[in-house]
There are 2 protein chains.
Amino acid sequence: MEFVAAPRESVEEGPVFVPVERETVQDRVYGELRRALVSGLIEPGTVLTIRALADQLQTSTMPVREAIGRLVSENALEALPNRSVRVPPVTLARLDDLLRARAMIEGEAIALAAERIEARGTAAIRAILSEWDSVRDQAEREDFDREMTLNHRFHFEIYRHCGSAVLMPVIESLWLQSGPCIRAAALAFSATGEADTTHYHRTIVEALEAGDAGRARAALIADISRPFTTLRQRLTAA
Amino acid sequence: MEFVAAPRESVEEGPVFVPVERETVQDRVYGELRRALVSGLIEPGTVLTIRALADQLQTSTMPVREAIGRLVSENALEALPNRSVRVPPVTLARLDDLLRARAMIEGEAIALAAERIEARGTAAIRAILSEWDSVRDQAEREDFDREMTLNHRFHFEIYRHCGSAVLMPVIESLWLQSGPCIRAAALAFSATGEADTTHYHRTIVEALEAGDAGRARAALIADISRPFTTLRQRLTAA
DNA sequence: TCAAAGCAAGTGTGATCACAGATCAAAAAA
DNA sequence: TTTTTTGATCTGTGATCACACTTGCTTTGA
């Protein structure tokens, strides 16, 4: 940290002054782990050790243990009696539990959003959908992570308008907990279910534009239920 | 930490072998802060510093900063851009937000519990209520913290039966966030509203015994709304 | 008298070390 | 061969130190 910061008053880069981000190492570690979890990149059941992660991320143990602590208290990671920490394994009961909670809470959030969102907001959501379309058209290869990111952005761009600072972190925690389950399901489902996905998403946007909270909620629940039920069938079969 | 642990196999204290609790310092610090927050002992807006807490709790800074980190990620404490941490101030918007979220989520939890709970479970809940009655009878003085603890136990003894490992931590987080608001309201309300409280609680137990999810949910929402609306009137008046 | 510069105490963050408990494999006893 | 014991290694926890940033007050200059 040797570089000299410019005086705060003389910064004239943009029209609006955004406070310069002083991201801590802990925040970066947290972000990395979070990204890996919501993307389902870490196998459920995997035990995480502080020193190994610190080596991989090229830092000391300090930021890693604090990031892990945060994730544990968000229930994104599970603390074992051994005091070690692992990605929660996927069980049938947990799957149903997560889906029920998400349907209730995210359903309520989208219903609230439907009553408050303006044309400007729905336009931003449509923009995400059309970006998604273009990705799907041009990509011969399976640009899977890209689509999962777009799905994440699509949903949270909606929830952002629910006007509840209390519900938002709850929903983020639920996504974090669903992440390890979802990826497997979504991979299995991507070929067959793409048409359904886009259909639900269009229904959601239309309902939001119409201010129809009930229809938005129903379409959302159908949308988030899909990968869960797929994974459920797969687990019961095995 | 010099004392020698007894061999695990030769422990024969109780009929059921509970793993001996090896509580870390961090857990104790977390518990203390948590207790103080749900009891509303810390004024909303108060800035917490690591070293000051470490001094008060007679430990080093290490366990304190990890406990604070956990509470921040549970939204029980608020991280300021200065990187300092404070108890979230109480605003009208936040109050309404919290109440709405709690009514939805705890309402769902009690509805689930009503469908699953057995006679053994409702008996345990009734036991808490009668303990509460005896406290209320014998106490000339205002045994306020005792009553808040009993209220906490009453509610969570119910939620425990909802069968959702996902909803439980969410509800605990919501109580933690409500704590600083509730105490003020409950103190103001304790004299006038006691009859209502016991009435709602009895209704809740009866509904649970009857397996009437709807009535249980309605009574619960009435119960948790009361201190919120009291505090709301007080804030709008001021 | 008032504003700006400068200094000192306070605060969070990250690194490193010490240590106890856990884990696992090799060696010893049955 | 099977079981127990022992030992080395790994891992989380807590303490302490260094450092950069903030904050608040004093001092200096106009």
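Order of the sequence lines sets the chain letters (A, B, ...), proteins ahead of strands, with each chain counted from 1. Since we're looking at a predicted model, the values are computed, not measured. Worth knowing before you read on, the calculation uses all heavy atoms, side chains too, and leaves out hydrogens, waters and symmetry mates.
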Check the pair Glu131(B), Arg146(B) against salt bridge (charged side-chain N to carboxylate O under 4.0 Å, His left out), reporting the backbone distance first and the verdict last. CA-CA 11 Å; Glu131(B) 184 180 347; Arg146(B) 185 77 189 284; 3.1 Å; yes
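Regarding Glu66(A), its CD atom lies at a distance of 13 Å from the C1' atom of dG14(D), rounded to whole Å. Rounding to whole angstrom units, OH of residue Tyr30(B) and C1' of dT13(D) are separated by 18 Å. Protein atom CD1 of Ile50(B) is 14 Å distant from nucleotide atom C1' of dT16(D), rounded to whole Å. Atom CD in Glu23(B) sits about 14 Å away from atom C1' in dT13(D), given to the nearest Å. The distance between atom CD of Gln26(B) and atom P of dT13(D), rounded to the nearest whole Å, is 7 Å. For the pair Leu53(B) CG and dA15(D) P, the interatomic distance rounds to 14 Å; values are reported in whole Å.
Taking each heavy atom of Ala67(B) and Leu33(B) in turn, the nearest pair found is CB-CD1, 4.4 Å. In this structure, Val87(A) and Pro180(A) approach most closely via the heavy-atom pair CG1-CG, 3.9 Å.
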Produce the list of close N/O pairs, under 3.5 Å, pairing protein atoms with atoms of nucleotides 6-10 of chain D; give distances to one decimal.
none

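Using a 4.0 Å cut-off between charged nitrogen and carboxylate oxygen, Asp27(A) and Arg34(A) do not count as a salt-bridge pair. A salt bridge does not link Glu108(A) to Arg100(B): none of the charged side-chain nitrogens sits closer than 4.0 Å to a carboxylate oxygen.
Looking at heavy-atom distances under 4.0 Å, Leu48(A) makes contact with sugar-phosphate atoms alone, never a base.
Taking 3.5 Å as the limit, the base of dG12(D) and the side chain of Arg51(A) contain a donor-acceptor pair of atoms between them.
The side-chain tip of Arg102(B) points at the ring of Trp175(B) from less than 6.0 angstrom away and within 45° of straight on.
Residue Asn82(A) places none of its side-chain N or O atoms closer than 4.0 Å to OP1 or OP2 of dT11(D).
For the helix from dT1(C)-dA30(D) to dA30(C)-dT1(D), the rotation axes defined at the first and last 5 base pairs enclose an angle of 0°, given to the nearest 10°.
A side-chain N or O of Tyr30(B) and one of Glu74(B) form a donor-acceptor pair less than 3.5 Å apart. When only modelled atom types and interatomic distance are considered, Gln233(A) and Thr229(A) share no side-chain donor-acceptor pair under 3.5 Å.
Comparing Thr24(A) and Ala52(B) against DNA chain C, the residue whose closest nucleotide sits nearer the 5' end is Ala52(B).
Side-chain N or O atoms of Thr236(A) include one that pairs as donor or acceptor with a backbone N or O of Arg232(A) at under 3.5 Å. At distances below 3.5 Å, not a single donor-acceptor pair connects side-chain atoms of Ser39(B) with backbone N or O atoms of Leu41(B).
Ring geometry for Phe156(A) against His152(A) counts as parallel: the plane angle stays under 30°, on a 0 to 90° scale with 60° as the upper cut.
Near-neighbour residues of DNA chain D inside residues 54-65 of chain B, defined by a heavy atom below 4.0 Å, number-ordered: Ser60(B), Thr61(B), Met62(B), Pro63(B).
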